[in-house]
S.K.: 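Structure incoming, see below.
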Amino acid sequence: MFIAAIYLIYITFSVSFTYWVGRNLHTNGRIFLLDSFKQDERMADSVNQLLLVGFYLVNFGIVSLFLAIGSRPTNLVEGIEYLSYKVGIVLVILGGMHYFNMRNIANMRSKAKRRELDEELAGATI
């Protein structure tokens with residue numbers, strides 16, 4: 001029963017925190033995507049939704065797979081260490097995914113700004 005409680009705490013925290021981070025990325029990343037797609041809401045929202053789905057698939061998959069890795073705790077101290085280690089890994093992965101998503105959004109925005117500048121320069125020379 002002890003190990004089941006530890007697993008339940010790990011899954012509850014990991015899924016909840018992953019969901020919270022994903023929602024924040026989705027909500028707050030929209031403005032960057034709108035800028036990247038020249039205020040085309042349909043395109044920005046579509047890309048934003050796809051990024052969110054990918055984020056959830058990768059992170060929920062890792063949380064699920066990681067549950068079976070490691071030795072099972074047999075007492076309270078080992079249980080706390082187990083949770084700390086597992087949750088720490090999830091947090092590092094979430095941070096990495098956040099960085100990956102923000103870097104991709106920044107790259108899309110930079111490309112859009114370059115295209116916009118090229119179009120302005122091409123229009124100015126005609």
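Just so you know, these numbers come straight off a predicted model, no measurement behind them.
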S.K.: Give a yes or no on this: more than 12 heavy atoms of other residues, nucleotides or ligands lie within 6.0 Å of atom CZ of Arg72.
M.R.: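 Incorrect, the count does not exceed 12.
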S.K.: Taking all non-hydrogen atoms of both residues, which atom of Ile6 and which atom of Gly79 are closest, and how far apart?
M.R.: CD1-CA, 3.9 Å
S.K.: To the nearest 0.5 Å, how far apart are CG in Asp118 and NZ in Lys111?
M.R.: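 Asp118 atom CG to Lys111 atom NZ measures 13.5 Å (nearest 0.5 Å).
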S.K.: Does CE in Met102 sit with more than 12 non-hydrogen atoms of other residues, nucleotides or ligands closer than 6.0 Å?
M.R.: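 Counting neighbours around CE of Met102, more than 12 heavy atoms of other residues, nucleotides or ligands fall under 6.0 Å, so yes.
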S.K.: Would you call the rings of Phe13 and Phe17 parallel, tilted or perpendicular, taking 30° and 60° as the class edges?
M.R.: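 Answer is parallel, since the angle falls under 30°.
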S.K.: Can you sort out the partners of Phe60 under ring pair (Phe, Tyr, Trp, His ring centres under 6.0 Å), two or more places apart, ordered by chain and number?
M.R.: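 Result, ring pair (Phe, Tyr, Trp, His ring centres under 6.0 Å) vs Phe60: Tyr56.
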S.K.: In Å and rounded to the nearest 0.5 Å, what is the CG to CG distance from Asn48 to Asn28?
M.R.: 10.0 Å
S.K.: State which residues pass side chain to side chain contact (heavy atoms under 4.5 Å, CB included) with Asn75; sequence neighbours excluded, sorted by chain then number.
M.R.: Val77, Glu78
S.K.: Report, one line per pair, each donor and acceptor closer than 3.5 Å where one atom sits in a side chain of residues 80-97; sequence neighbours left out.
M.R.:
| from | atom 1 | to | atom 2 | distance (Å) |
| --- | --- | --- | --- | --- |
| Tyr82 | OH | Leu67 | O | 3.3 |
| Lys86 | NZ | Phe66 | O | 2.4 |
| Lys86 | NZ | Leu67 | O | 3.4 |
| Lys86 | NZ | Ile69 | O | 2.2 |

S.K.: Could you give the distance from CG (Asp45) to CG (Leu52), rounded to the nearest 0.5 Å?
M.R.: 12.0 Å
S.K.: Hey, any chance Phe100 and Val53 share a hydrophobic cluster, counting ILVMFWY side chains that come within less than 4.5 Å of each other, even indirectly?
M.R.: no
S.K.: Hey, mind stepping through Phe2 and Thr74 against side-chain contact (heavy atoms from CB on, under 4.5 Å) and telling me if it holds?
M.R.: CA-CA 8 Å; Phe2 175 72; Thr74 58; over 6 Å; no
S.K.: Rounded to the nearest 0.5 Å, how far does OG of Ser64 lie from CG of Asn59?
M.R.: 10.5 Å
S.K.: Could you grab the distance from atom OG of Ser36 to atom CZ of Arg30, nearest 0.5 Å is fine?
M.R.: 12.5 Å
S.K.: Pair Glu119, Lys38 - check salt bridge (charged side-chain N to carboxylate O under 4.0 Å, His left out), show working.
M.R.: CA-CA 13 Å; Glu119 289 170 4; Lys38 296 182 181 180; 3.1 Å; yes
S.K.: Nearest 0.5 Å, what's the OG1-OH distance between Thr12 and Tyr7?
M.R.: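 Separation between the atoms: 14.5 Å.
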S.K.: I would like to know whether His26 and Leu51 meet side-chain contact (heavy atoms from CB on, under 4.5 Å); could you show each step before the answer?
M.R.: CA-CA 8 Å; His26 185 262; Leu51 285 170; over 6 Å; no
S.K.: For Phe37 and Met43, work out which heavy atoms get closest and say how close.
M.R.: CD2-CG, 3.4 Å
